[in-house]
Protein chains: 2
Amino acid sequence: MNVECHTGAVATSTLPVVSAPRSGASAACCAPLTRRPLSAEAATDLACTLKAVADPARLRLLSLVAAHEGGEACVCDLVEPLGLSQPTVSHHLKVLVEAGLLTRDKRGVWAYFAVVPEALNALAAVLAVPVAASAP
Amino acid sequence: MNVECHTGAVATSTLPVVSAPRSGASAACCAPLTRRPLSAEAATDLACTLKAVADPARLRLLSLVAAHEGGEACVCDLVEPLGLSQPTVSHHLKVLVEAGLLTRDKRGVWAYFAVVPEALNALAAVLAVPVAASAP
DNA sequence: TGTCGATATTGACAGGCGTGAATGCACCTG
DNA sequence: CAGGTGCATTCACGCCTGTCAATATCGACA
């Protein structure tokens with residue numbers, strides 16, 4: 001497992017989800033995981049994005065940011081409720097941004113983060129099992 | 001991060017998804033991640049299940065099993081396409097089973113694995129962003 | 001310009017995790 | 001019963017990662 005996890009695009013495929021917020025939009029937009037085997041490369045990419053989400057601190061960050069007033073929050077809003085140090089929170093936020101799940105908007109001294117719904121929805125779409133997954 | 005990741009139930013909440021395949025069904029069945037902050041405990045549980053999925057080998061396993069004839073596959077069907085050793089494949093399968101994402105059915109000498117659609121769908125449901133996540 | 005406050009980066013450490021070799025176990029078959 | 005086969009477990013190793021302390025960077029403001 002030495003994967004780099006570059007930008008955060010998970011098999012961007014050919015059709016972007018909505019309008020590619022950054023470099024590579026988000027998670028595999030239209031590959032229902034089940035149905036047919038993933039290629040090793042596609043699996044690696046998907047795993048990169050999932051790894052970004054598979055952490056309690058980052059899940060709470062996503063949750064906190066989304067639930068925050070205006071749909072955005074700055075680091076100072078997040079440090080206390082998480083109970084982690086500021087550098088650690090900053091680190092997790094960076095991971096989420098690089099995975100395309102969060103956007104960073106620096107206004108003055110503050111950095112405001114907001115969730116990218118398309119990214120989360122794309123992830124959900126990959127995991128979801130289509131109605132007839134095993135019935136050809 | 002020292003979390004145990006016991007059975008694989010992610011905040012089973014009160015209403016089971018379909019009929020709890022094992023001990024604790026699967027992933028948080030009805031908590032849209034966004035909307036309101038996750039508790040530390042809920043986040044830990046969710047992360048446990050997500051960690052089980054956030055691995056290239058295990059993603060491919062899920063994919064291979066689901067796409068396999070009959071919707072089930074035994075270890076010997078999976079070792080070669082994955083390119084990993086049999087013990088490693090067995091290890092990954094165990095992780096997926098303990099996360100409630102796969103079922104193990106030992107018939108004679110062979111162990112047949114099948115995906116638990118409810119578990120994957122529940123995971124997807126948690127990640128998906130409801131239509132109006134930031135508009136109260 | 002100098003200082004303060006908010007955030008990001010670096011360095012270092014401990015623990016977790018993916019991996020394979022070797023081995024054990026259960027079940028079928030002769 | 002003996003041998004073989006499919007799968008699980010144990011052990012050990014190395015990389016990855018989450019965390020914090022210390023420090024750097026950048027913008028606001030007097």
Side-chain angles (χ1 to χ4, degrees), chain A residues 1-6 8 40 43-44 46-62 64-65 72-80 82-99 102-114, chain B residues 1-6 8 40 43-44 46-62 64-65 68 72-99 102-114:
Chain A
M1 282 312 98
N2 194 351
V3 193
E4 283 280 340
C5 287
H6 6 51
T44 296
L46 218 196
C48 281
T49 303
L50 283 171
K51 274 183 200 298
V53 181
D55 179 273
R58 291 196 284 268
L59 283 173
R60 296 188 68 196
L61 278 177
L62 284 175
L64 284 168
V65 169
E72 60 180 13
C74 58
V75 180
C76 57
D77 295 325
L78 304 168
V79 168
E80 187 199 6
L82 239 78
L84 295 176
S85 70
Q86 174 267 320
T88 300
V89 172
S90 226
H91 162 68
H92 285 308
L93 288 170
K94 180 177 184 175
V95 172
L96 288 170
V97 168
E98 287 179 343
L102 241 48
T103 58
R104 166 187 283 119
D105 179 25
K106 189 143 193 174
R107 296 201 292 270
V109 185
W110 290 273
Y112 290 91
F113 295 85
Chain B
M1 285 314 101
N2 192 354
V3 195
E4 283 280 338
C5 287
H6 6 51
T44 297
L46 219 195
C48 280
T49 304
L50 283 172
K51 274 183 200 298
V53 180
D55 179 274
R58 291 196 284 267
L59 282 173
R60 296 188 69 196
L61 278 176
L62 283 175
L64 284 167
V65 169
H68 200 265
E72 60 179 14
C74 57
V75 180
C76 57
D77 295 325
L78 304 168
V79 168
E80 187 198 7
L82 238 78
L84 296 177
S85 69
Q86 176 266 319
T88 300
V89 172
S90 226
H91 162 68
H92 285 308
L93 288 170
K94 180 177 184 175
V95 172
L96 289 171
V97 168
E98 288 179 344
L102 241 47
T103 57
R104 166 187 283 119
D105 179 25
K106 187 143 193 174
R107 295 201 292 269
V109 185
W110 290 273
Y112 290 92
F113 295 84

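- For the pair A/Ala54 and A/Val109, nearest-nucleotide mapping onto DNA chain D gives the more 5' position to A/Ala54.
- Of the residues near DNA chain C, A/Lys106 and B/Ser85, the one whose nearest nucleotide (by heavy atom distance) lies more toward the 5' end is A/Lys106.
- Rounded to whole Å, atom P of D/dT19 lies 11 Å from atom CZ of A/Arg60.
- Side-chain atoms of A/Gln86 and base atoms of C/dA6 include no donor and acceptor less than 3.5 Å apart.
- When side chains are defined from C-beta on, B/Val53 does not count as touching B/Arg58, because their heavy atoms never get closer than 4.5 Å.
- Between A/Lys94 and C/dT9, a side-chain N or O to OP1/OP2 separation shorter than 4.0 Å is present.
- Between A/Arg107 and A/Glu72 there is a salt bridge, with a side-chain nitrogen of the basic residue lying less than 4.0 Å from a carboxylate oxygen of the acidic one.
- Considering only side-chain N and O atoms, A/Arg104 lies under 4.0 angstrom from the phosphate OP1 or OP2 of C/dA8.
- Straight-line distance from the CH2 atom of B/Trp110 to the P atom of C/dC28: 9 Å, rounded to whole Å.
- With rounding to whole Å, A/Arg58 atom CZ is found 8 Å from D/dG18 atom C1'.
- Atom-to-atom, CZ of A/Arg107 to P of C/dG5 comes out at 22 Å; the value is rounded to the nearest Å.
- A sub-4.0 Å separation between OP1 or OP2 of C/dT19 and a side-chain N or O of B/Thr88 is absent.
- Here the side chains of B/Val79 and B/Leu84 are not in contact, with every heavy-atom distance at 4.5 Å or above.
- Among D/dA21, D/dC7, D/dT9, the nucleotide with an atom closest to any side-chain atom of A/Pro87 is D/dA21.
- Minimum atom distance to the side chain of B/Asp55 is reached by C/dG18, of the listed D/dG6, C/dT7, C/dG18.
- In this structure the side chain of B/Leu93 reaches within 4.5 angstrom of the side chain of B/Val89, judged on heavy atoms.
- One can place CG of A/Leu93 at 14 Å from C1' of D/dG18, the figure rounded to the nearest angstrom.
- Among the atoms of the strands shown, base atoms are found under 4.0 Å from some heavy atom of A/His91.
- Considering B/Val75, B/Asp77, B/Leu96 in turn, B/Val75 is the only one that fulfils the side chain to side chain contact (heavy atoms under 4.5 Å, CB included) rule with B/Phe113.
- Look at B/His92 and you won't find any side-chain N or O under 4.0 angstrom from OP1 or OP2 of C/dC17.
- Between the OH atom of A/Tyr112 and the P atom of C/dA8 there is a distance of 13 Å, given to the nearest Å.
- Checking D/dA8, C/dT19, D/dT19 against every side-chain atom of A/Leu84, the shortest atom distance belongs to D/dT19.
- At whole-Å resolution of the value, CG in B/Leu61 and P in C/dG18 are 12 Å apart.
- The nearest whole Å value for the distance from the CG atom in A/Leu82 to the C1' atom in D/dG18 is 12 Å.
- Positionally, the nearest nucleotide of DNA chain D for B/Val75 lies more toward the 5' end than for the other of B/Val75 and A/Gly108.
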